[in-house]
Amino acid sequence: MSEINLEAYLKQYFGFSRFRQGQKEIIESVLSKQHVFAVLPTGTGKSICYQLPAMMLPGAVVVISPLLSLMTDQVKQLKSQGIKRVVALNSMLTPRERDSHLANLHHYKLIYMSPEMLQSKRMIRRLQQLTISLFVIDEAHCISQWGHEFRPDYLRLKQIHQLLDSPPLLALTATATPEVQDDIIEALALEKLRKFVYPMDKPNIALVVEQVDTIREKEERLIRLMEQYHIPTLIYFSSRKETSRMAALLQEQIPNRRIAFYHGGLDHQDRLLIQQQFMQNQLEVVCCTNAFGMGINKKDIQFVIHYHAPSQIEAFIQEIGRSGRNGQESVSLVFFHESDRIIPQRLLESELPTGEWVQFALNCLYQEDYSYEQLKEICLLTADGNEVYWRFLQFQLERLGVLQENTFYVQQMPQNKVQQQIEQLIAKRLQYKTAKLEEMLEWLYTNSCRRQQLFKPFQETLQPSAYMCCDHCDFSWTDWQPSPHEQTAQEQDWLQTLMRILYQGDTNEK
Amino acid sequence: MFTYIVLDCIQKISGERTVYNIYHLLTAKKATQTIQDSNLFELTGYYGIDKSLRREDYDLVIQSLAEQGYIQLHQDQTAILLQKGESYLQKLEGEFQAIICFDGTRFHQSGQQFANHLLLFVQTLTYMHQKQTHFIPIIEDAATQQYVKQVWYHYRQQASTILLKTLYRELYQLLNKYPADMAGLFVDHLTTRERVGLSTYQIAEKYKLSLLDVSVSYTNIIHDICRHILDTDNMSLLSSLYPHRQPSVMISESAKQTQRLLSKNLSMAEIAAMRKLKINTVMDHIIEIAYITNNFHWQPYVSDIQYQQIKQVLQQLTSRKLKNIKERLPEEISYFQIQLVMALEK
Ligand SMILES: Nc1ncnc2c1ncn2[C@@H]1O[C@H](COP(=O)(O)OP(=O)(O)OP(=O)(O)O)[C@@H](O)[C@H]1O
Ligand SMILES: [Mg+2]
Ligand SMILES: [Zn+2]
């Protein structure tokens, strides 16, 4: 494929005239049917690496994506750009929709899918009938036991890739330490795999940490900053409650800024509205949990604040990577208070089931003879609807051979042995996560250049910073003067509003 | 408004059902029992008007009503209105009675569909008007998108200016009779090219209402629009967004199947065996069917004499507690027979 050709395709389908770092090399390798593993920083355009090939190759490109919102957002985005032959298959579809998508699967160029969907035999059989020209694993760190968001279903992808006759495979991730990279490559077990690793540091984001002595001080500091900087801003919190509390407090103190909160507990429609308002600059500040951000591709975010310290470096890098997507000067600020040591530790612990919970579930299984469905139900119920515990248990039982194709084979291993194995694993995971948290906290206490410290686990050299570097090098608030965004929309009564939003002050004929 | 609804329900039920029956009524859960109750106490308007209402939030409302001395909550989860509650209800009635239009029986399903059609259509129209064919649909549900696409196709010959004018006129006509905040709350739900609609939280904040108030007030106006669409002729554009083809009859899916089998002259026992259901469930279905069917063929289930006996007690007694009714009837008359006659005599 010649150089001119690729760029012309890029222009034609996506309207960009130049490739960004890494894209072209990766696309070329993919088009020449090589297996590829690539690490590209957040927000730099990993999607193009498979979306463009999808437009050029015969047959379909299958994309495995871990998050529902991530894939529906991409599909919406593509459709709104006029690329219509895309579909997302996930558990949210009604059986009828799923059937109809399956029947029409050969019409699509890009098929997004959750790893769960790929577990069904019917789905695999259907895919086997198609020409799959590329098999993409997005957010590939989910494969690694030690990645920051391990997803058991991801481990089975390798097997499914083989069932599909091993088409060229592209595994993509934004944040993977060399250790995690090796783990991913090992799990994929592919001969001849090309590896592209690009530096993860973003030269346009300055890194700032502010230590505060009281919660009150934290609040006041935040209010002052929000009064001062009128730019699109994300504020991350570690609890849902805090997002709404602080959003209300901020709004009360700064009535002329538009502020909202967002977390996974809001209903679907409200989440969609907040997201769209933010995208269209109707909102300037979103107080959110880490549920916000994935799939958000807003180019003018310039300020990301962590009101609570994040619990690991990888997640932190992803989150600050939502800012400065156009290369403009941006700032990441982390507030640090002593209690930030304790809260994340507690959160970590709650992410994994306790030994007692496992024992309770195993009792149901071994002594009460529960069926798969019954066990699932009781597990969801006792974990307060939190699916994580159930998925964890399910995967462990499969790994130990006690669960096969949704049927239990308890004679495979005695209960106490299963209990012991699972508890060991929980302890190991917890230890790992605690170590990650320590690493994050250590960074907060760094006395030297924060940029160097942050990226040390990932890469050997750093790009020079484009603007200010960090609070230990050269950062000062007075030197940061981003131009304020303008305000719009004044309050009106309902009749004026109705008229304004329907007539839009303009009368184009259709 | 939410408080008004709950107090209204408590008053009408006057201690004969628990507060959770009201919850089931509002959320349209436990179909059979709830449908019977709503008919019995003339609360059908509220059927399914807040399907996403969470139990915790509902509990908080009940608790606070009790703490403020409006209602008295009993051990068995029934509740009655206290003096203070009566007068508060009267005050709220003055505020809301004129504008309350709920008709859950007719619109608990179609109203929701209509609302989604409307939201997506308004967005589509305003974007298309600006010749912007690519936008992110505010309703993700595929069936809604399909529906609106068809409506849009239907109007393809019309100028978007005309459609916008018509839409404005029809909405104006409906909203004009509401207090300003109520109308504003509705308008703020709309997403157009100009502006993304507000979330429930934002609307609640703006008008200083509770989330539950926002949700039921919105549903109320939606039901009002639906009623105008069906009962008048002057809502041509809005009418095309109403799912006319699937009239919503208040009957559960399972009861529908039972109805089909009944019409093939199968007995209750046969149906139960065939569908692997408990006989009691089939009885529940039959009662459900009796509520909505004219000329229901009840003779297989109650003798003429029994029917008359039950009817008489129902007329004498104001209470609708099954136990009280049964006590006054011969031993051999079952709860099922009583409920059936209640359904037929409603
Ligand atoms: N060559 C290019 N020129 C200009 N913009 C581009 C180019 N490639 C991608 N983009 C834009 O960059 C943005 C980010 O792309 P994308 O979502 O694919 O990033 P990502 O690496 O997958 O990010 P994340 O880590 O958040 O998943 C998109 O808006 C995309 O349109
Ligand atoms: Mg991506
Ligand atoms: Zn530095």
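Only a predicted model underlies this, so the values are computations on that prediction, with no experimental measurement involved. All chains are named by letter (A, B, ...) in the order of the sequence lines, taking the proteins before the strands, and each is independently numbered beginning at 1. Atom set for the values below is all heavy atoms of this structure, side chains included, hydrogens, waters and symmetry mates excluded.
Of the atoms belonging to Glu97(A), it is side-chain heavy atoms, and not backbone ones, that fall under 4.5 Å from chain B. Proximity to chain B is limited to the side chain of Gln269(A), based on heavy atoms less than 4.5 angstrom apart. Using a 4.5 Å cut-off between heavy atoms, Gln277(A) contacts chain B through both its backbone and its side chain. Within the 4.5 angstrom heavy-atom criterion, no atom of Gln132(B) approaches chain A. Proximity to chain A (any heavy atom under 4.5 Å) is shown, for Phe186(B), by neither the backbone nor the side chain. Both the backbone and the side chain of Lys165(B) come within contact range of chain A, each with at least one heavy atom under 4.5 Å from a heavy atom of that chain. Heavy atoms closer than 4.5 Å to chain B are found in the side chain of Ile274(A), but not in its backbone. Within the 4.5 angstrom heavy-atom criterion, atoms from both the backbone and the side chain of Tyr168(B) approach chain A.
Figure legend: Lys298(A) and Phe278(A) shown as a cation-pi pair, the cationic atom lying under 6.0 angstrom from the six-membered ring centre and within 45 degrees of its axis.
Using bins of under 30°, 30° to 60° and over 60° for the plane-to-plane angle, the ring pair Tyr172(B)/Trp494(A) lands in the parallel bin. A tilted orientation is assigned to the rings of Tyr242(B) and Phe114(B), their planes being inclined by 30° to 60°.
When ring centroids are compared, Tyr218(B) and His189(B) come within the 6.0 Å threshold. If you look at Phe261(A) and Tyr201(B), their ring centroids are closer than 6.0 Å.
In this structure a side-chain-to-backbone donor-acceptor pair under 3.5 Å is present from Glu170(B) to Ser236(B).
Within 6.0 Å of atom CD in Gln496(A), more than 12 heavy atoms from other residues, nucleotides or ligands are found, so the atom counts as buried in its surroundings.
Here Ile136(B) is the residue among Val122(B), Ile136(B), Asp181(B) with the most heavy-atom pairs under 4.5 Å with chain A. For the set Ala180(B), Ala143(B), Ser52(B), the count of heavy-atom pairs under 4.5 angstrom toward chain A peaks at Ala180(B). Ranked by heavy-atom pairs under 4.5 Å with chain A, the list Leu175(B), Leu190(B), Asn176(B), Leu185(B) is led by Leu175(B).
Here the straight-line distance linking atom NE2 of His106(A) with atom CZ of Arg85(A) works out to 10.0 Å at 0.5 Å rounding.
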